[in-house]
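Residue numbers begin at 1 in each chain, while the letters A, B, ... track the order of the sequences.
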There are 2 protein chains.
Amino acid sequence: MNYSVSEENYLKTIFHLQKKEGTVTTNELAAELKTRPASVTDMMKKLKTKKLLHYQPYQGFRLTADGSKVALGIIRRHRLWEYFLAEKLNFTWDEVHEVAEELEHVSNKKLIDKLDAYLGYPKNDPHGDPIPDASGKIEQGKKIRLQDAPLQIPCRVAGVRNQSPGMLELLAHKKIRIGTILEIRQKFDFDHSLEVKTGKQQIITISRQLAENLLVTHED
Amino acid sequence: MNYSVSEENYLKTIFHLQKKEGTVTTNELAAELKTRPASVTDMMKKLKTKKLLHYQPYQGFRLTADGSKVALGIIRRHRLWEYFLAEKLNFTWDEVHEVAEELEHVSNKKLIDKLDAYLGYPKNDPHGDPIPDASGKIEQGKKIRLQDAPLQIPCRVAGVRNQSPGMLELLAHKKIRIGTILEIRQKFDFDHSLEVKTGKQQIITISRQLAENLLVTHED
DNA sequence: AACATAATTTAGATTTGTCTAAATAATTTT
DNA sequence: AAAATTATTTAGACAAATCTAAATTATGTT
C-alpha cells in the first residue's frame with residue numbers, strides 16, 4: 001500500500017512513457033531515470049512481484065491496472081502541488097516542476113484531498129496538464145494547436161478554432177474530422193507547412209493556416 | 001549540505017532532547033527514535049565525521065553550532081507546515097504533527113521562504129511553539145504562570161517566582177525542577193487546583209499557590 | 001575497592017537500491 | 001542463415017541504515 005520514493009519514480013515514469021508507445025523498454029526507462037539498465041531490470045522484478053507491472057524478460061513492460069492507479073495517485077499529488085506553488089506561492093511555471101518532484105512523495109491521502117479542496121479542485125496544473133481526481137480519474141488532455149504538436153507522435157483531432165465554411169470545406173476535402181488520428185512527419189520551415197500521416201496511413205500536407213486552427217490532444 | 005531523512009530525524013531529535021538535559025545519551029535517543037542503541041552509535045559516528053556533533057565514545061553527545069543550525073532549519077520547516085496545515089487546510093491541532101513529520105524533509109529553501117511569506121511570517125505553530133526565522137533565529141518562549149497555561153498542552157518549567165525554602169521543599173518533594181515537562185489535565189474551579197501530568201506520566205495535584213509561582217514556557 | 005548491573009560500542013548480518021562487468025537473448029546486416 | 005550489433009539480464013559487489021548478539025566501559029552498591 002506504501003511505496004518507496006524510488007518505486008514511485010519508476011511507476012510515474014513508466015506511466016508517462018507508455019502513453020507514447022504501448023510498451024516501455026529497459027533502456028528507455030534507464031535513460032529517462034538516469035540510471036543503468038541493470039538497475040531497471042532489478043526494479044522491474046520487484047514491481048512485478050508487487051503486481052504493479054506486466055513483465056516477461058526481454059519483452060518490455062507496462063503497468064497493470066493497479067500500477068496505473070498508483071501512478072495516477074503520484075501524478076495527482078505532483079500536479080496539485082504544482083498548482084499550489086504557482087497559484088499560492090508565486091512560483092513561475094518553469095520552477096514548479098522541480099519542487100513538486102519532492103513534494104509528490106508525501107503520500108498522506110488526507111493531506112492531498114484537503115489541499116485539492118483548498119485549491120478549489122483545479123482541473124489543470126500550470127502547464128495545462130490535467131489533474132486526476134481523488135478516485136484517479138483524469139480528464140481529456142489539453143488541446144493544443146496541431147502546429148505545436150511534437151513530431152512523430154500520434155495525436156487526435158479534438159476541435160477547431162475557426163469554424164468558417166471555408167475551413168470546414170477544406171477539412172471535409174482532406175477527410176479530417178473530430179477523432180481523426182494525425183502524426184506529424186516533418187515540419188517545413190520555409191512555409192511552415194506540415195507533412196502529416198493520417199490514421200489511414202495516407203500522407204497529406206497541411207498548411208500553416210490550417211495547422212494553427214486544428215486543435216489536437218495526446219491523451220488516449 | 002544535504003542530509004538524508006534519517007540524519008535529519010536524528011539531528012532534530014537530539015536538538016529537542018539536549019534542551020532538557022545538556023547532553024544526550026545513546027539509550028535516550030534510541031528510545032525517542034524507536035530504534036536500537038547500536039544504530040544510534042553508528043549514526044553518531046557518521047554525524048561526527050560531518051562535524052555536526054560533539055561525540056566521544058561513552059560520553060554522550062551534543063550538537064555543534066553547525067548541527068544546531070541544521071536542526072533549526074528542520075524545525076522551521078516542520079512548524080511552518082504545521083501552521084499551514086492548521087490555518088489553510090483546516091487540520092486540527094492534534095493532526096498536524098504527523099503530516100508535518102513528512103513534509104519537513106522537503107528541504108528546498110526557496111519553497112520554505114515563500115511558504116513563510118505566504119503565511120504572513122507566523123511566530124508560533126499551532127501548539128504555541130516558536131518558528132525559527134529564515135536565518136535560524138528562534139524567539140524565546142514567553143514565561144507564563146502555570147495557572148495561565150492552556151489545558152492539554154505540554155509545557156516546560158522555566159522558573160519560579162518565589163524562591164522561599166518552603167516552595168523549594170515542595171518542588172523537590174513533587175520532583176519538579178527547571179526543565180520538567182507538565183501538562184494540565186484539568187482545572188478545578190472550587191479551589192483552583194490543577195491536575196497535572198508530568199513528563200514521566202505521573203498524575204499530580206498542584207495547588208493554586210504553587211501554580212501561581214511556577215513559570216512555564218511552551219517553547220521546545 | 002571489588003562486584004554487579006546498566007549503558008554503550010563492536011562485529012557481523014540484512015535489506016534496499018544502486019553499480020560494473022560478463023553472459024545471454026533479440027535484432028539487424030551482410 | 002550466419003555474423004555483427006544492440007538490448008537485456010545475471011552475477012557479484014557496494015553504501016546506507018538498520019538489526020542481534022557479544023564484548024567492553026561506566027556506574028552504583030556493598
B:N213 meets the side-chain contact (heavy atoms from CB on, under 4.5 Å) criterion, sequence neighbours left out, with B:R161, B:N162, B:M167

Checklist entry - Hey, does the side chain of B:K45 come within less than 4.0 Å of C:dT10's phosphate (OP1/OP2), counting only N and O? => result yes

So, with a heavy-atom separation below 4.0 Å from DNA chain C, the residues of residues 33-43 of chain B are B:P37, B:A38, B:T41

- prompt: Quick one: is A:T26 getting a side-chain N or O under 4.0 Å of the D:dT9 phosphate, OP1 or OP2?
  reply: yes

When rounded to whole Å, the CG to C1' distance for the pair A:L29 and D:dT9 reads 15 Å

By side-chain hydrogen bond (donor to acceptor under 3.5 Å, both in side chains), B:R76 pairs with (sequence neighbours left out) B:D113, B:D116

Ring centroid separation for A:F84 and B:F84, is it under 6.0 angstrom?
yes

Across all chains, not counting sequence neighbours, the salt bridge (Lys or Arg N to Asp or Glu O under 4.0 Å) partners of A:E104 are A:K12

Please tabulate, for the side chains in residues 49-56 of chain A, all donor-acceptor contacts under 3.5 angstrom to protein atoms that are two or more places apart in sequence or on a different chain.
residue: A:T49; atom: OG1; partner: A:K46; partner atom: O; Å: 2.8
residue: A:K50; atom: NZ; partner: A:E7; partner atom: OE2; Å: 2.7
residue: A:Q56; atom: OE1; partner: A:K48; partner atom: NZ; Å: 2.9

B:N90 meets the side-chain contact (heavy atoms from CB on, under 4.5 Å) criterion, sequence neighbours left out, with A:K114

SB check B:E98 A:K110 (cutoff 4.0 Å)
no

Quiz item: Would one find a side-chain N or O of B:T25 under 4.0 angstrom from OP1 or OP2 of C:dA7?
Solution: no

Residues passing the side-chain hydrogen bond (donor to acceptor under 3.5 Å, both in side chains) test with A:Y58, sequence neighbours excluded, are none

Identify each atom pair where a protein N or O and an N or O of nucleotides 2-6 of chain D are less than 3.5 Å apart, giving names and distance.
none

Expected list for residues 53-62 of chain B near DNA chain C, using heavy atoms below 4.0 Å, is B:Y55, B:P57, B:Y58

To the nearest angstrom, the CE-C1' distance between A:M44 and C:dT16 comes to 15 Å

Residues passing the side-chain hydrogen bond (donor to acceptor under 3.5 Å, both in side chains) test with B:D42, sequence neighbours excluded, are none

In whole angstroms, the gap separating P of D:dT18 from CG of B:L47 amounts to 11 Å

Residue pairs passing the ring-ring contact (aromatic ring centres under 6.0 Å, His included) test with at least one member in residues 28-48 of chain B, sequence neighbours excluded, are none

Residues passing the side-chain hydrogen bond (donor to acceptor under 3.5 Å, both in side chains) test with B:E102, sequence neighbours excluded, are none

